[in-house]
Chemist: 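If you scroll down you'll find the structure; I have some questions about it.
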Amino acid sequence: MVGVPAAAAAGGRHVLGVVVVLEQDRDAVDHAARTAAGSAGTTGINLSSQTGGQGIFTVWLNGRFVGTYADGSRSVTFPAGALKPDADNQISVLVSNMGHSQNPGTDDNNKAARGLTGTSIEGTPLTTITWRIQGARGGEALTDVARGPMNTGGLYGERAGWTLPDFPDSAWAATSLATRDLTPGVSWYRTKATLDLPAGQDTSIGLKIADDPAKKYRALIYVNGWLLDNYINNVGPQHVFPLPNGILNPNGDNSIAIALWNTDATTGGLGTVTLENLGSTTSPLKPAQVTGPGYDAATYAMASHNAALALTAPDTAAPATTFPLSAAFSVPSGRQEASGVSLGLTLPTGWTAQPTGPTTAANVAAGSSLTATWNVTAPSGTLPPLSTLITTATYQQAGSGQPFTDTRTVRHLTGPTADTDVSKLPFLGSTNGWAGPVKLDKSNDNKTLTLAGTPYSSGVGTNAKSSVSLYLDAHCTRFTATVGVDDEVGNNGSVTFAVLADGRNVTTTPVLRCDSASTTIDVDITGATLVELVAGDGGDGNSSDHADWANAKVRCS
């Protein structure tokens with residue numbers, strides 16, 4: 001049983017009767033995604049994440065691979081020619097989640113967010129981004145209640161049932177391991193292992209992945225539909241993962257699926273996979289099999305549209321103003337025509353819309369479209385920072401129909417008109433390098449802001465690398481603050497503080513350390529629409545870099 005390879009050529013049989021088949025994940029990018037309008041001056045996107053430990057995220061723009069980045073705040077430059085000018089652009093981000101810290105009651109790190117925590121378009125930071133997130137199949141109405149909400153995430157293959165026993169994989173291309181795959185994204189491998197372990201003994205079986213550590217990929221390992229392990233080839237050191245009896249069937253068929261995340265375009269592909277005997281002990285122990293539903297075609301069928309729908313909306317809206325809105329429903333060339341097409345709007349409470357053109361069509365032929373237009377009026381009074389507008393298309397195509405929606409968020413921006421503490425302003429965006437969000441009137445550890453023994457009642461507490469973006473609408477003339485490394489980190493920490501006005505660096509401090517005197521910042525920001533407060537890590541990593549912007553104020557009177 002030792003070293004039995006879990007890979008054989010198509011149609012072949014090995015000792016365990018194992019065949020491995022491969023298919024590229026159909027949507028290649030599986031997690032949070034959505035749109036930002038491209039305009040002159042857009043250069044990239046800043047993405048901040050908190051994923052825990054060895055977390056990473058991979059970015060695509062309009063289906064083109066951009067890169068894979070380590071956890072934290074990252075400036076992602078768009079490749080030349082990839083951005084569509086004056087049109088919607090789709091940014092797709094595949095995000096890992098390495099789990100939460102297990103320290104409740106100590107410093108609240110167990111409550112830190114996981115996933116993307118902050119985003120802004122670089123070059124045109126007032127551009128509104130509408131995000132969508134893809135999670136487990138069924139969302140709140142979970143499809144697989146037996147295995148539970150922690151068993152799967154947002155991968156296409158998980159949602160399509162590729163992890164489950166009895167999934168019909170005969171149409172997949174056969175392969176043998178090790179493989180070489182240079183396509184960034186997620187590939188899937190499936191195999192069946194038939195075991196017949198001797199009675200009267202407790203035999204522990206492990207799954208081993210072996211490969212060149214220079215290859216950069218990750219793998220999720222599923223056995224009989226259960227997610228058991230997370231393998232990181234270029235980090236390690238774990239290469240053998242025990243498969244508990246009860247989930248593993250020691251005397252019957254076992255379905256093994258591996259979701260492989262190639263993190264770059266040069267070193268991907270799964271290494272050798274073997275089942276290993278981790279030890280046998282004479283024992284009458286025979287764990288009962290843990291049951292879970294298998295694959296059901298009706299349950300896991302993946303619906304798709306043979307049409308496209310795009311809502312066009314402005315980035316911002318003000319109270320009691322009217323603006324044009326349009327929704328375009330189109331059928332690509334080569335697809336069947338759609339009939340009974342109707343486009344509608346769902347607006348927040350108090351918003352109204354008046355059609356300015358047709359919103360229905362008896363038929364939309366292949367290669368044609370229907371564009372509906374409205375004049376939309378926002379209500380008077382105070383608007384929330386973000387409002388959600390939804391268009392829905394109903395139609396019939398090839399004898400069936402299903403609703404089709406597209407969503408945009410519209411931002412309401414207001415700038416201060418009087419002297420105001422920064423902690424009292426709505427942030428256009430913020431990112432924090434450690435332990436949750438930026439703190440208001442508290443240090444990064446939720447204590448009183450304290451610099452060189454002096455406490456401060458107002459300000460912003462962060463951990464580098466961090467940023468706070470303020471929309472000032474050209475109303476303010478100066479920014480003032482006292483900055484430094486908070487006393488709570490003792491003899492640790494090294495931080496730089498910078499103020500940017502409409503992307504122009506106004507000031508940057510030298511590296512300030514735990515024993516540095518606090519520094520006063522007083523700079524001219526006259527006419528600035530957007531001011532950004534940035535804390536850097538001093539060039540030596542961000543451990544204990546608790547950066548305080550004490551008494552931070554904008555002067556606008």
Side-chain angles (χ1 to χ4, degrees), residues 1-28 30 155-158 160-197 205-236 238-243 248-250 252-278 295:
M1 214 69 70
V2 177
V4 178
R13 277 188 88 73
H14 217 285
V15 175
L16 299 182
V18 176
V19 178
V20 175
V21 288
L22 159 72
E23 178 164 301
Q24 184 68 26
D25 191 348
R26 293 182 182 176
D27 54 7
D30 301 284
L155 298 180
Y156 182 96
E158 291 176 316
W162 295 355
T163 64
L164 298 176
D166 304 321
F167 174 78
D169 55 26
S170 60
W172 288 19
T175 190
S176 57
L177 300 180
T179 65
R180 181 173 173 81
D181 183 359
L182 304 185
T183 304
V186 179
S187 300
W188 284 82
Y189 299 75
R190 280 182 53 87
T191 189
K192 185 174 75 172
T194 302
L195 300 177
D196 190 13
L197 302 183
I205 298 295
L207 184 143
K208 178 179 180 180
I209 300 177
D211 209 344
D212 181 349
K215 293 175 66 176
K216 298 177 180 179
Y217 66 83
R218 299 173 175 229
L220 296 175
I221 301 168
Y222 308 82
V223 175
N224 295 326
W226 298 87
L227 174 59
L228 296 184
D229 301 297
N230 183 8
Y231 172 76
I232 308 178
N233 184 68
N234 55 309
V235 175
Q238 185 174 6
H239 293 271
V240 179
F241 300 89
L243 308 180
L248 184 74
N249 186 351
D253 291 340
N254 294 275
S255 172
I256 299 174
I258 297 178
L260 188 81
W261 180 352
N262 291 325
T263 60
D264 65 17
T266 59
T267 64
L270 184 60
T272 59
V273 180
T274 56
L275 297 179
E276 307 281 319
N277 184 351
L278 305 182
Y295 178 78

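We count residues from 1, following the sequence as given.
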Chemist: Measuring from N233:CG to H239:NE2, what's the distance to the nearest 0.5 Å?
Modeler: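 N233 CG to H239 NE2: 6.5 Å, rounded to 0.5 Å.
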Chemist: Could you check if a side-chain atom of T163 sits within less than 4.5 angstrom of a side-chain atom of L155, using non-hydrogen atoms only?
Modeler: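 A side-chain contact is absent here, since even the closest heavy-atom pair is not under 4.5 Å.
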Chemist: How many angstroms lie between atom CH2 of W226 and atom CG of L243, to the nearest 0.5 angstrom?
Modeler: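 That separation rounds to 14.5 Å.
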Chemist: State whether the side chain of T179 and the backbone N or O of G269 hold a donor-acceptor pair below 3.5 Å, judged by distance alone.
Modeler: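 It does not hold such a pair.
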Chemist: Go through the structure and list residues passing side chain to side chain contact (heavy atoms under 4.5 Å, CB included) with D166, not counting sequence neighbours.
Modeler: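 Once residues adjacent in sequence are excluded, D166 has no partner under the side chain to side chain contact (heavy atoms under 4.5 Å, CB included) criterion.
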Chemist: Test of understanding: with side-chain hydrogen bond (donor to acceptor under 3.5 Å, both in side chains), list the residues that count as partners of N234, not counting sequence neighbours.
Modeler: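 N234: no side-chain hydrogen bond (donor to acceptor under 3.5 Å, both in side chains) contacts found.
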Chemist: State which residues pass side chain to side chain contact (heavy atoms under 4.5 Å, CB included) with L278; sequence neighbours excluded, sorted by chain then number.
Modeler: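 If we apply the side chain to side chain contact (heavy atoms under 4.5 Å, CB included) test to L278, skipping adjacent residues, the hits are S204, V240, P242, E276.
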Chemist: Would you say N262 and S187 make side-chain contact, with heavy atoms under 4.5 Å?
Modeler: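 N262 vs S187: side chains touch.
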Chemist: Counting distance only, does the side-chain N/O of N249 pair as donor-acceptor with the main-chain N or O of N254 below 3.5 Å?
Modeler: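 Answer holds: no.
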Chemist: Under the salt bridge (Lys or Arg N to Asp or Glu O under 4.0 Å) definition, can you give me all pairs with a residue in residues 208-217, not counting sequence neighbours?
Modeler: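 Listed once each, the pairs are D211-K215.
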Chemist: Taking atom CG of L177 and atom CD1 of I258, what is their separation to the nearest 0.5 Å?
Modeler: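 Going from the CG atom of L177 to the CD1 atom of I258 covers 7.5 Å.
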Chemist: Given 3.5 Å as the limit, does a donor-acceptor pair link the side chain of R190 with the main chain of L164, or not?
Modeler: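 Side chain of R190 to backbone of L164, a donor-acceptor pair under 3.5 Å: yes, one is there.
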Chemist: Could I get the full list of side chain to side chain contact (heavy atoms under 4.5 Å, CB included) partners for A160, not counting sequence neighbours?
Modeler: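 Partners of A160 by the side chain to side chain contact (heavy atoms under 4.5 Å, CB included) criterion, ordered by chain and then number, come out as Y156, W162, M302.
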Chemist: Taking atom CD1 of I221 and atom CG of L260, what is their separation to the nearest 0.5 Å?
Modeler: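 One gets 10.5 Å once the value is rounded to the nearest 0.5 Å.
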Chemist: Mind checking the OG1-CD1 spacing from T272 to I209? Nearest 0.5 Å is all I need.
Modeler: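 T272 atom OG1 to I209 atom CD1 measures 9.0 Å (nearest 0.5 Å).
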Chemist: Residues in ring-ring contact (aromatic ring centres under 6.0 Å, His included) with Y217, at least two apart?
Modeler: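 In terms of ring-ring contact (aromatic ring centres under 6.0 Å, His included), with neighbours along the sequence ignored, Y217 is linked to no residue.
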Chemist: Does the side chain of F241 come within less than 4.5 Å of L228's, by heavy atoms?
Modeler: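 No, every pair of side-chain atoms sits at 4.5 Å or beyond.
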Chemist: L227: what forms a side chain to side chain contact (heavy atoms under 4.5 Å, CB included) with it, not counting sequence neighbours?
Modeler: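 With neighbours one apart ignored, the set is N151, L220, Y222.
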Chemist: Compute whether any side-chain donor of one residue and acceptor of the other, for D253 and T194, lie under 3.5 angstrom apart.
Modeler: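 Yes, side-chain donor-acceptor contact under 3.5 Å.
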Chemist: For V273 and L270, work out which heavy atoms get closest and say how close.
Modeler: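 Shortest heavy-atom contact: CG2-CD2, 3.8 Å.
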Chemist: Taking only residues two or more places apart in sequence, or in another chain, which ones meet S170 in a side-chain hydrogen bond (donor to acceptor under 3.5 Å, both in side chains)?
Modeler: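 For S170, no residue satisfies side-chain hydrogen bond (donor to acceptor under 3.5 Å, both in side chains) once neighbours in sequence are set aside.
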Chemist: For D264, what residues pass the salt bridge (charged side-chain N to carboxylate O under 4.0 Å, His left out) criterion, not counting sequence neighbours?
Modeler: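 Result, salt bridge (charged side-chain N to carboxylate O under 4.0 Å, His left out) vs D264: none returned.
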Chemist: Check whether any side-chain heavy atom of L275 lies under 4.5 Å from a side-chain heavy atom of I256, and answer yes or no.
Modeler: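 Answer yes - side chains close enough.
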Chemist: Determine whether F167 and S255 make a side-chain contact, defined as any pair of heavy atoms from C-beta on separated by less than 4.5 Å.
Modeler: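 Not in contact.
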Chemist: Got a second to check how far W261's CH2 is from I232's CD1, nearest 0.5 Å?
Modeler: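 If we round to the nearest 0.5 Å, W261:CH2 and I232:CD1 are 9.5 Å apart.
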